[in-house]
Participant: 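Dropping the structure in here first, questions after.
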Amino acid sequence: MPIPARGSRSKWRRLVPAATAALMAVVLTPASARGAAPEESRPVYSYDDAIREAVWVDTRMDGDADGKSDRVAVDIVRPREPAQRGRKIPVIMDASPYYACCGRGNESQRKTYDANGNPVQFPLYYDNYFVPRGYAFVAVDLAGTNRSDGCVDVGGHSDIQSAKAVVDWLNGRGTAYTSRTGGERAKAGWTTGNTGMIGKSYDGTIANGVAATGVEGLKTIVPIGAISSWYDYYFAQGAPLYDSGPEWLSDYVESPAARARCQAVQKRLVDGAPRNGDFTPLWAERDYVPDARNVDASVFVVHGTQDLNVRAKHFGQWWDALADAGVDRKIWLSQTGHVDPFDFRRFDWTRTLHRWFDHELLGYDNGIDREPMADIERAPDQWSTDKVWPPRATDATTLRPGKGAAPGVGTLSLKRAAPGATETFTDDPKLSESDWAAAIDTSTPSKAGFTTKPLTRDLRLSGSSRVTVTATPSTSTAHLSAVLVDLGPDTIRDYTAPGEGITTLPGRTCWGPSTTGDSSCFKETKARTADVGHTVFSRGWADLGTHADPAEGRPLTPGKRYTITLDLHASDHVVPAGHRLALIVGGTDAGLIDPPSTTPTLEVALSRTAADLPVVGGAKAFARATAGSHFTAPSAARLDGVTAPRAQRPIPGATR
């Protein structure tokens with residue numbers, strides 16, 4: 001890591017650390033260590049004496065239409081000694097809407113201030129750990145939140161520009177003041193301008209969006225459980241995932257003053273995000289994936305493969321786009337839900353993040369760029385690594401459903417079903433993917449299930465899958481779900497329980513010095529596990545009405561056959577020998593998508609239905625793993641006369 005995908009950008013990026021390493025060694029390394037290239041920044045600076053200050057950066061926007069340029073609040077903590085010696089330092093930045101309303105981290109920490117409005121507590125451990133090591137930590141209140149002007153627009157221009165303006169200011173291209181309404185000019189002469197953005201959820205989403213602008217000075221981002229397209233947060237190919245839109249979130253995070261003055265922005269959010277699931281210009285503005293080509297920063301992605309808040313599709317499509325753009329990148333995938341790595345792999349995470357920032361922001365040649373690209377949790381607290389992710393041997397492999405001995409209990413293999421073979425199910429909005437999987441071998445009216453034979457050897461799927469379904473609905477509306485299941489006993493992180501895979505303990509560990517108002521000590525955690533008989537490891541949903549155009553749904557004609565391709569969430573899962581791999585096609589996935597306005601029965605044409613799965617080793621590996629099966633290369637012909645689905649997104653590394 002990072003593994004370069006295109007030579008020109010990577011060669012240029014590698015010249016920068018090499019050229020600056022010697023200078024940074026003099027600037028930031030204690031005298032006793034000089035004379036040799038540094039490998040690690042050390043905690044040689046006083047946290048007690050650190051400079052704690054607030055500035056307000058001019059965003060050059062007027063989101064609340066009050067006739068004045070909006071200013072965003074920027075709270076800064078940095079070591080005093082480098083500035084006294086005329087030395088400049090890099091910045092770690094977390095831009096968030098949550099510093100006042102909701103808090104950050106497992107303990108929901110908020111910013112606090114003294115009587116003069118100076119920052120006292122900076123949430124999380126970034127300040128305690130990194131400031132003594134020669135970094136500044138900058139905590140930005142997004143527009144419309146906490147002490148900032150403007151309005152929240154949920155991933156739109158105002159959100160992104162309010163954070164980008166701070167990166168510009170840190171690099172000498174912007175203006176800041178010592179107060180919200182007036183004050184003196186504030187200069188950022190204490191920093192090199194080298195900035196790394198980090199954050200979980202909304203915060204990491206902002207990092208993605210700012211990186212997609214290509215802003216100069218942003219050297220790396222670390223998005224944790226982050227959104228890559230806001231449409232995909234609220235909808236899945238037209239199927240609604242929540243019973244509200246972005247206006248609920250903006251109202252939730254805005255300051256009371258912003259809430260009163262931002263009604264026009266709220267109305268635009270409502271009008272621009274109709275509940276019919278159409279992909280409108282509002283969503284296009286909040287889709288960062290097409291702009292991955294602009295990213296100059298390296299990217300360290302962290303995501304839970306069982307995150308049902310910011311679902312795994314977000315990291316999958318972002319990762320693929322970054323690979324296509326030749327961006328240097330690294331990835332950690334856990335078995336958790338929406339959880340920060342500080343709370344599921346604390347020691348290794350802090351050490352890795354430290355080395356990452358040292359390499360990307362200080363230019364230290366510490367070898368992290370030559371280490372494996374991917375760390376993947378295989379079982380609770382058990383991790384494996386991959387030099388490249390997905391592995392180079394990964395190949396899109398087409399598996400096909402077939403008729404079984406009983407209705408709804410079919411087969412999954414390389415062989416196409418006989419023409420005319422069908423399975424029928426009726427949408428039952430009370431049942432979930434877990435209900436379907438538990439009844440996989442039972443003929444039930446609510447799903448169509450297809451399984452392989454028990455595997456004779458392990459089978460690994462790594463990356464994003466797609467399932468093409470041809471179905472005939474009985475009503476004018478219908479939703480479809482497709483899930484991949486590992487059928488067999490296992491012990492997994494309990495991602496559906498409170499904590500989403502972790503249990504918080506009373507004991508604490510400390511990660512740097514503390515002050516009276518800002519402790520570096522955080523509650524410990526451990527894996528929360530569950531013994532299961534099956535594991536759903538990838539899922540995808542769609543409104544069948546988007547069959548012709550993913551951006552616009554249309555009423556269905558009962559009795560007419562439609563073909564649609566569902567994008568399933570990225571994953572990396574090993575189905576062990578002795579287990580079975582299953583594909584389930586159903587209607588409403590209870591608790592994860594909302595039901596349609598009718599209750600359709602759908603007839604699935606099996607010969608025109610297929611799953612394209614990222615199998616490590618491809619079709620040959622699948623054939624070897626399915627005992628007694630005969631390997632037949634998948635046909636390149638159209639699906640029984642139906643036009644083939646759109647081309648699968650290239651799997652990074654599959655042909656390298």
Side-chain angles (χ1 to χ4, degrees), residues 305 312-313 315-317 319-320 323 331 333 373-374 376 378 384-402 410-417 449-469 482-488 490 534-540 565-585 609-636 639 644-645 647-656:
T305 56
K313 180 179 180 180
F315 89 78
Q317 62 191 5
W319 182 264
D320 290 349
I331 192 167
L333 297 176
M373 175 185 279
I376 300 166
R378 293 292 170 206
S384 67
T385 62
D386 284 280
K387 183 178 179 180
V388 177
W389 193 86
R392 288 189 173 93
T394 305
D395 193 20
T397 301
T398 302
L399 303 186
R400 303 181 185 278
T411 62
L412 186 65
S413 68
L414 295 166
K415 183 180 179 181
R416 188 196 306 272
F450 310 95
T451 69
T452 65
K453 298 177 181 180
L455 304 182
T456 57
R457 59 179 70 191
D458 293 354
L459 184 70
R460 180 179 175 187
L461 289 80
S462 182
S464 300
S465 302
R466 289 185 171 182
V467 175
T468 297
V469 178
V483 299
L484 297 177
V485 189
D486 175 346
L487 297 171
D490 204 353
H534 62 265
T535 304
V536 177
F537 63 89
S538 184
R539 48 188 65 84
T565 296
L566 287 72
D567 295 321
L568 271 60
H569 301 172
S571 186
D572 194 301
H573 186 84
V574 175
V575 184
H579 289 204
R580 293 176 294 159
L581 171 65
L583 166 67
I584 301 176
V585 179
T609 296
D612 292 318
L613 309 185
V615 176
V616 178
K620 291 183 179 180
F622 177 83
R624 287 193 297 266
T626 49
S629 66
H630 174 70
F631 172 69
T632 303
S635 171
L639 294 176
Q648 171 137 338
R649 183 181 293 114
I651 299 173
T655 58
R656 280 186 262 154

Participant: Report the distance from atom CZ of Arg460 to atom OG1 of Thr394, rounding to the nearest 0.5 Å.
Facilitator: 6.5 Å
Participant: Mind checking side chain to side chain donor-acceptor pair (under 3.5 Å) for Arg457 and listing every partner two or more places apart, or none if nothing turns up?
Facilitator: none
Participant: Do the side chains of Ser464 and Pro614 get nearer than 4.5 Å, heavy atoms only?
Facilitator: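 Heavy-atom side-chain distance check fails, nothing below 4.5 Å.
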Participant: Using 0.5 Å steps for rounding, measure from the CG atom of Leu583 to the CG atom of Leu613.
Facilitator: 7.5 Å
Participant: Would you call Thr626 and Leu581 a side-chain contact if the rule is heavy atoms closer than 4.5 Å?
Facilitator: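 Not in contact.
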Participant: State the CG-OG distance between Leu461 and Ser538, to the nearest 0.5 angstrom.
Facilitator: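 Atom-to-atom, Leu461:CG and Ser538:OG are 8.5 Å apart.
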Participant: Mind checking the CZ-CZ spacing from Arg400 to Arg416? Nearest 0.5 Å is all I need.
Facilitator: 4.0 Å
Participant: One pair to check against side-chain contact (heavy atoms from CB on, under 4.5 Å): Val615 and Leu459. What are the steps and the verdict?
Facilitator: CA-CA 7 Å; Val615 176; Leu459 184 70; 3.7 Å; yes
Participant: Do you know the tightest heavy-atom contact between Ser571 and Thr305?
Facilitator: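 Shortest heavy-atom separation between Ser571 and Thr305 comes out as OG-CB, 4.4 Å.
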Participant: What's the spacing between Asp567 CG and Ser465 OG if we round to 0.5 Å?
Facilitator: 10.0 Å
Participant: Taking the side chain as every heavy atom from C-beta outward, state whether Phe450 and Thr411 have any pair of such atoms under 4.5 Å apart.
Facilitator: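 A side-chain contact is absent here, since even the closest heavy-atom pair is not under 4.5 Å.
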Participant: Please tell me if the side chains of Asp612 and Thr398 come closer than 4.5 Å, counting only heavy atoms from C-beta onward.
Facilitator: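 Heavy-atom side-chain distance check passes, below 4.5 Å.
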Participant: Could you check if a side-chain atom of Leu568 sits within less than 4.5 angstrom of a side-chain atom of Val467, using non-hydrogen atoms only?
Facilitator: yes
Participant: Which value, rounded to the nearest 0.5 Å, describes the distance between Thr452 atom OG1 and His579 atom NE2?
Facilitator: 11.0 Å
Participant: Considering non-hydrogen atoms only, spot the tightest contact between Ala417 and Pro401 and give its length.
Facilitator: CB-O, 3.5 Å
Participant: Please report the shortest heavy-atom distance between Phe622 and Leu412, naming the atom on each side.
Facilitator: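 For Phe622 and Leu412, the tightest heavy-atom pair comes out as CZ-O, 4.1 Å.
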Participant: Look at Arg378 together with Asp572 and state whether they make a salt bridge at an N to O cut-off of under 4.0 Å.
Facilitator: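 Yes, this pair counts.
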Participant: Shortest non-hydrogen contact from Leu566 to Gly540?
Facilitator: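 Scanning both residues completely, I find the closest heavy atoms to be CD2-O, 3.6 Å.
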Participant: Do you know the tightest heavy-atom contact between Pro391 and Val616?
Facilitator: CG-CG2, 4.1 Å
Participant: Could you tell me if the side chain of Thr535 sits less than 4.5 Å from the side chain of Val485, heavy atoms only?
Facilitator: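 Side chain of Val485 against side chain of Thr535, heavy atoms only: no contact under 4.5 Å found.
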Participant: Excluding sequence neighbours, so at least two apart, what forms salt bridge (charged side-chain N to carboxylate O under 4.0 Å, His left out) with Asp486?
Facilitator: none
Participant: Taking side-chain contact (heavy atoms from CB on, under 4.5 Å) as the criterion, tell me which of Leu484, Leu487, Leu455, Asp458 meets it with Val575.
Facilitator: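 Going through the options one by one, the only one that passes is Leu455.
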Participant: Would the distance check show the side chain of Thr397 and the main-chain N or O of Ala619 forming a donor-acceptor pair, the cut-off being under 3.5 Å?
Facilitator: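 Between the backbone of Ala619 and the side chain of Thr397 there is a qualifying donor-acceptor contact (under 3.5 Å).
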Participant: Of the non-hydrogen atoms in Trp389 and Gly463, which two are nearest, and what is the gap between them?
Facilitator: CZ2-N, 3.9 Å
Participant: Classify the ring geometry of Phe537 against His573: parallel below 30°, tilted from 30° to 60°, perpendicular beyond 60°.
Facilitator: parallel
